[in-house]
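Working notes for the structure below.
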Amino acid sequence: MTKNYPTVSEDYKKAVEKCKRKLRGFIAEKNCAPLMLRIAWHSAGTYDVKTKTGGPFGTMRLAAEQAHSANNGLDIAVRLLEPFKEQFPTISYADLYQLAGVVAVEVTGGPDIPFHPGRDDKAEPPQEGRLPDAKQGNDHLRQVFGAQMGLSDKDIVALSGGHTLGRCHKERSGFEGPWTRNPLIFDNSYFTELLTGEKDGLLQLPSDKALLDDPVFRPLVEKYAADEDAFFADYAEAHLKLSELGFAEA
């Protein structure tokens, strides 16, 4: 898809670069990369291609969106990022939340994801119920990521690999535990763990296991388990698309 990125000032670009450097140190020190990736994803993943509503436009700053059940705990991410907004007031919340997600992947050893600034902050949160439900299967994944967001089957599997970071918290999602042995390292171990079956202490959600039962998804899981470079390349592409849903449409 061709993008027509807005022109931002040199001062804005400099502010983004300075903010990015400070985010690197902060996210590494606080071990909060999973939370920062989650706020970026949940901000962007509400986009609806049909109505052109929702998406990565800073509405997670609003209490109404933080109150959506899928966003339990993201008020913490909003609070942690507020000092960066105060230090760099010209940067939109929309850009700040997506920049934090890009840095979260980078500082944990994942691929570099291109970042294009210029998102505007919207005033109204999207309606609740647009984010994926971990209890559901492949039809649901294709409905949310494909029909609603406009992403591909390859994007679905690559983005699932982002679960290499972080863990579920029972009080937030009803599920408990990490997907991988080291939930602060971005690598392809989500796929290797998925293929080798359930293990004590590690989590596999219904939406994770469903990937193995699909004739399109499973070969991608196997490919990424065998080839981390291929996973990183496809993940970076999918993350970029997710972070720019509804932004800079040509």
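Using cut-offs of 30° and 60° on the angle between ring planes, the pair F26 and F84 is perpendicular. F231 and F186 have parallel rings, their planes meeting at less than 30° on a 0 to 90° scale where 60° marks the start of perpendicular.
With hydrogens and angles ignored, the 3.5 Å screen pairs no side-chain donor or acceptor of R172 with any backbone N or O of H169. Remark: the backbone N or O of S152 is not paired with any side-chain donor or acceptor of K241 at under 3.5 angstrom. Checked by atom type and distance alone, the side chain of Q148 never pairs as donor or acceptor with a backbone atom of F145 at under 3.5 Å. With hydrogens and angles disregarded, a donor-acceptor distance shorter than 3.5 Å links the side chain of N188 to the backbone of A225. No side-chain donor-acceptor contact under 3.5 Å links D234 to the backbone of A158.
Side-chain contact annotation: K199 with T196, donor-acceptor N/O pair under 3.5 Å present. No hydrogens or angles considered: a donor-acceptor pair under 3.5 Å links the side chains of T164 and D187. H116 and E244 form a side-chain donor-acceptor contact under 3.5 Å, judged by distance and modelled atom types alone. No donor-acceptor contact under 3.5 angstrom links the side chains of S173 and R167, judged on distance only.
With respect to the salt-bridge test (charged N to carboxylate O, under 4.0 angstrom), the residues K13 and E10 qualify. Between K209 and E198 a salt bridge is recorded (basic side-chain N to carboxylate O distance below 4.0 Å).
In terms of hydrophobic clustering, with Ile, Leu, Val, Met, Phe, Trp and Tyr side chains grouped at heavy-atom distances under 4.5 Å, F217 and L212 are assigned to a common cluster. Under a hydrophobic-cluster definition in which Ile, Leu, Val, Met, Phe, Trp and Tyr are linked whenever side-chain heavy atoms come within less than 4.5 Å, directly or via other members, L81 and F115 are assigned to the same cluster.
Only one option out of L195, V157, L194, L211 pairs with R218 in a side chain to side chain contact (heavy atoms under 4.5 Å, CB included); it is L195.
Interatomic distance, H163 NE2 to S207 OG, rounded to the nearest 0.5 Å: 6.5 Å.
For CD of E124, the number of neighbouring non-hydrogen atoms (other residues, nucleotides, ligands) closer than 6.0 Å is 12 at most. Summarising the local packing, NZ of K22 is surrounded by 12 or fewer heavy atoms from other residues, nucleotides or ligands at distances under 6.0 Å.
The heavy-atom pair separating R61 from A123 by the smallest distance is NH2-CA, 4.1 Å. Among all heavy-atom pairs drawn from Q66 and D75, the shortest one is OE1-CB, 3.3 Å. Smallest separation of non-hydrogen atoms from D200 and R181: O-NH1, 4.0 Å.
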(Q) Let's go through R142 and V216 carefully: what are the C-alpha distance in whole Å and the side-chain angles of both, what is the deciding distance for side-chain contact (heavy atoms from CB on, under 4.5 Å) to 0.1 Å, and is it a yes or a no? (A) CA-CA 12 Å; R142 285 193 171 96; V216 178; 3.8 Å; yes

Show every donor-acceptor pair shorter than 3.5 Å between a side-chain atom in residues 95-111 and any protein atom, with sequence neighbours excluded, or say none if there are none.
from: D95; atom 1: OD1; to: G118; atom 2: N; distance (Å): 3.4
from: D95; atom 1: OD1; to: R119; atom 2: N; distance (Å): 3.1
from: D95; atom 1: OD1; to: R119; atom 2: NH1; distance (Å): 2.9
from: D95; atom 1: OD2; to: Y12; atom 2: OH; distance (Å): 2.7
from: D95; atom 1: OD2; to: G118; atom 2: N; distance (Å): 2.7
from: Q98; atom 1: NE2; to: A40; atom 2: O; distance (Å): 3.0
from: E106; atom 1: OE2; to: R24; atom 2: NE; distance (Å): 2.5
from: E106; atom 1: OE2; to: R24; atom 2: NH2; distance (Å): 3.4
from: T108; atom 1: OG1; to: A104; atom 2: O; distance (Å): 2.7
from: T108; atom 1: OG1; to: V105; atom 2: O; distance (Å): 3.1

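Remark: K85 is positioned above the aromatic ring of Y93, its terminal NZ or CZ atom under 6.0 angstrom from the ring centre and at most 45 degrees off the axis.
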